[in-house]
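Single-structure report; data block below.
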Amino acid sequence: MRMRSSAGGRDLREFSFEEEAPGQEVRAVERRVLLETLASKLPPGAISFSSKLKSVAGQGAEGTLLELQDGRRLRSKVVVGCDGVNSPIARWMGFSEPRFVGHMAFRGLADYAGAGGQPFEPKVNYIYGRGLRAGFVPVSPTKVYWFICFNSPTPGPKNTDAAALKKEALELVRGWPDDLVAVMRSTPDDSVVKTPLVDRWLWPGLAPPASRGGVVLVGDAWHPMTPNLGQGACCALEDAVVLARRLAPAVLAAGAGDDVGEALREYERERWGRVFPLTARAGLVGALVQWGNPAVCAVRDGVVIPRLVRLGPFLEHTNFECGLLEPAAPSP
């Protein structure tokens, strides 16, 4: 990992994970590759694409009725709502809208396929400015992921002009290190997105339950968190493993109605103690690293990052074992 200041690209700190925190690592994976890999393990026809959910139309003894945006209706005994931060299912279950935290992010995926491959070492690069930070990391022999995070009082209007988004992102880091700018310039316009950073803290006794009947929430639909710990997608995968392990025996059991409800509640009890502290920690870390005060930034660059931050304790949250999935034995 290499950490630099935006002012002239001055190095603040550089280290290997093996030296700083033995046993720790970072693996950057392109989302498309991850999704295609998971989908490839499902039976043919198991996924119905372009089937956006409009609303939960009703719930009764026969299951939950879902209404899709194309007018179709589906009835299901179990509904897993993993439909992201703007989840209609979470809204139906009474969850508040995710809270804007005062930061926006540009993200992009540079493509070096036509250049014989990307030129970077397997290294996480962070660059810190005033109320602005950026980073990039290779995700494959030909792709490099990058981001910019900046302070903003409001999310502002949504802009769908891809070329304008890329131009705006480049303008934010004018004069920053050349390697960052080169990665951004090597990014196809349609690979650049701009999003508000949001979260939802699941305060005990205040947040609604994660399940209602045969409906349950997973991932960002339940616990959206800011990306400051790199754990959002990781937590969704953990959710999936724990939920499957709890749910499979209940679904396979005869007369499983009550068993399914209890399995969903067990999933929530097991996962809440993991996701609530991570959401809070991610939000606090984001507030700290987005400092804009020049004096505070000078202390961060001169003292906090070079002398005080230790990777082992900072990444302690990744030392989590959600267990393995074993095929459930069918009922006799």
Hey, are the side chains of [X] and [Y] touching, using non-hydrogen atoms and a 4.5 Å cut-off?
X      : Y      : answer
Arg274 : Gln231 : yes
Gln118 : Thr142 : no
Val183 : Tyr112 : yes
Arg200 : Leu202 : yes
Leu180 : Asn125 : no
Arg99  : Val198 : no
Pro88  : Val56  : no
Val251 : Val260 : yes

| request: Could you give me the CA-CA distance, side-chain angles and deciding distance for Leu132 and Asn151, then say whether side-chain contact (heavy atoms from CB on, under 4.5 Å) is met? | output: CA-CA 7 Å; Leu132 181 67; Asn151 295 345; over 6 Å; no
Of all heavy-atom pairs between [X] and [Y], which one has the smallest distance, and what is that distance?
X      : Y      : value
Ala236 : Val218 : O-CG1, 4.1 Å
Pro208 : Gly94  : CG-O, 3.5 Å
Ser6   : Gly129 : OG-CA, 3.4 Å
Ile47  : Ala39  : CD1-CB, 3.7 Å
Ala287 : His103 : N-CE1, 4.2 Å
Pro155 : Pro196 : CB-CB, 4.0 Å

| Residue pairs involving residues 75-87 (criterion salt bridge (Lys or Arg N to Asp or Glu O under 4.0 Å); sequence neighbours excluded) | none
[X] (side chain) donor-acceptor with [Y] (main chain) under 3.5 angstrom:
X      : Y      : result
Thr279 : Met225 : no
Asp220 : Gly232 : no
Arg212 : Trp92  : yes
Arg185 : Leu170 : no
Arg13  : Val309 : yes
Arg10  : Ser5   : no
Asp239 : Gly219 : yes
Ser186 : Met184 : no
Glu67  : Arg73  : no
Arg133 : Arg130 : no

| request: Decide whether Gln24 and Thr318 meet the rule of one side-chain donor and one side-chain acceptor closer than 3.5 Å. | output: yes
| message | Arg271 vs Arg246, test: side-chain contact (heavy atoms from CB on, under 4.5 Å). Steps then yes/no. | response | CA-CA 11 Å; Arg271 292 299 296 157; Arg246 295 287 189 180; over 6 Å; no
Hey, what do you get for [atom1] ([X]) to [atom2] ([Y]), rounding to the nearest 0.5 Å?
X      : Y      : atom1 : atom2 : answer
Leu197 : Thr226 : CG    : OG1   : 6.5 Å
Thr187 : Arg107 : OG1   : CZ    : 14.0 Å
Leu243 : Leu325 : CG    : CG    : 10.0 Å
Cys235 : Leu278 : SG    : CG    : 4.5 Å

| query | How are the rings of Phe17 and Phe15 set relative to one another: parallel (under 30°), tilted (30 to 60°) or perpendicular (over 60°)? | reply | perpendicular
| Parallel, tilted or perpendicular: which fits the ring planes of Tyr267 and Trp222, with parallel below 30° and perpendicular above 60°? |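 Judged by the thresholds at 30° and 60°, the geometry between Tyr267 and Trp222 is tilted.
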| message | Within the supplied structure, the quantity of interest is the number of heavy atoms (other residues, nucleotides, ligands) at a distance under 6.0 Å from Asp178 CG; does it exceed 12? | response | no
| remark: Sorted by chain and number, sequence neighbours left out, side-chain contact (heavy atoms from CB on, under 4.5 Å) with Leu34 holds for Val29, Leu38, Leu237
| remark: Given the options Trp176, Phe147, Phe120, Phe136 meets ring pair (Phe, Tyr, Trp, His ring centres under 6.0 Å) only with Phe120
Linked, directly or transitively: [X] and [Y] (ILVMFWY side chains, under 4.5 Å):
X      : Y      : value
Trp201 : Leu229 : no
Val289 : Leu308 : no
Val181 : Leu165 : yes

| request: Under 4.5 Å between side-chain heavy atoms, chaining through other members, with only Ile, Leu, Val, Met, Phe, Trp and Tyr counted: pull out the rest of the cluster around Trp291, sorted by chain and number. | output: Leu288, Val296
| message | Show, in sequence, the C-alpha distance, side-chain angles and deciding distance for Leu217 and Ser87, and conclude whether the side-chain contact (heavy atoms from CB on, under 4.5 Å) test is met. | response | CA-CA 9 Å; Leu217 295 176; Ser87 166; 4.3 Å; yes
| Do Glu121 and Arg2 sit within salt-bridge range, that is, some charged N less than 4.0 Å from a carboxylate O? | no
| said: Between Glu262 and Arg265, does any side-chain N to carboxylate O distance fall below 4.0 Å? | reply: yes
| How far apart are the C-alpha atoms of Leu53 and Gln69, what are their side-chain angles, what is the distance that settles it, and do they pass the side-chain contact (heavy atoms from CB on, under 4.5 Å) test? | CA-CA 6 Å; Leu53 178 69; Gln69 289 189 354; over 6 Å; no
